[in-house]
Structure formats: structure tokens, C-alpha cells
Amino acid sequence: LAARIFVTEDPAATAAYPDRQPTHLTVTFADGRRESEVSERILGESDNPLPAETLMEKFVALASAAWGEPTARAAWAALAKIERLDDLRAMTETWGAAARAA
């Protein structure tokens, strides 16, 4: 698949960085159809953040590979209130145990 991907620089887009990250994507299908999309800001930037639910699901999906889904969800919940925790070690020890068990 990588051999079929072509990236070209648009000097105007490069000049707009970092205030904007204008991006134009076109996909050409085997039957010749083309679909295009344009974006001015990358989702996840400070002024265009991921929705909280999307961020949580991304975290859970990535962390579940090492910890399993229940521990990943518990980790997300703990991290959401990290500023109120007295003992970070207790929180992170469960992650290590889950990774060793997985």
C-alpha cells in the first residue's frame, strides 16, 4: 500500500504552518473514482481538540493491548483525576501488574 501513496508539498500550505495546517487529500479508487477532502486544522491541536469521548476511546484502544480493556478504562478514570491523587505509585502499580499478566 505504501508504494501507492504519493505525497507532494504545497509551498503555500508549508508557509501557513504553524498557524494552520492546510491539508488536501485525494483518494483514487481502482475504478477511477476520486474522493477528496480538505482540512485547515489537524484534529487534536490545542485549538481543535479531540472530543473527550474520542480521546478516551483512543486511549483505551491503545492501552488495552498491554493492559486489557478493564485496566485501560480504570487507568483513564484514574488519570482523569490525577491532580487529586495522593499516591501515584498505587495507581501505576496496577498497570504494571496488568501488563505482566497480559
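The analysis underlying the following values was restricted to heavy atoms, covering all of them including side chains, and did not include hydrogens, waters or symmetry mates.
The shortest side-chain heavy-atom distance between Q21 and R41 falls under the 4.5 Å cut-off.
Cluster note: M91 groups with L43, L50, L55, M56, F59, V60, W67, W76, L79, I82, L85, L88, W95 through ILVMFWY side-chain heavy atoms spaced under 4.5 Å, whether in direct contact or through intervening members.
Distance CZ/R20 to CG/N48: 13.5 Å, rounded to 0.5 Å. A distance of 4.5 Å separates CZ of R73 from CD of E57, quoted to the nearest 0.5 Å.
For Y17, the OH atom is loosely surrounded, since the number of other residues' heavy atoms within 6.0 Å does not exceed 12. Within 6.0 Å of atom CG in D86, 12 or fewer heavy atoms from other residues, nucleotides or ligands are found, so the atom counts as exposed in its surroundings.
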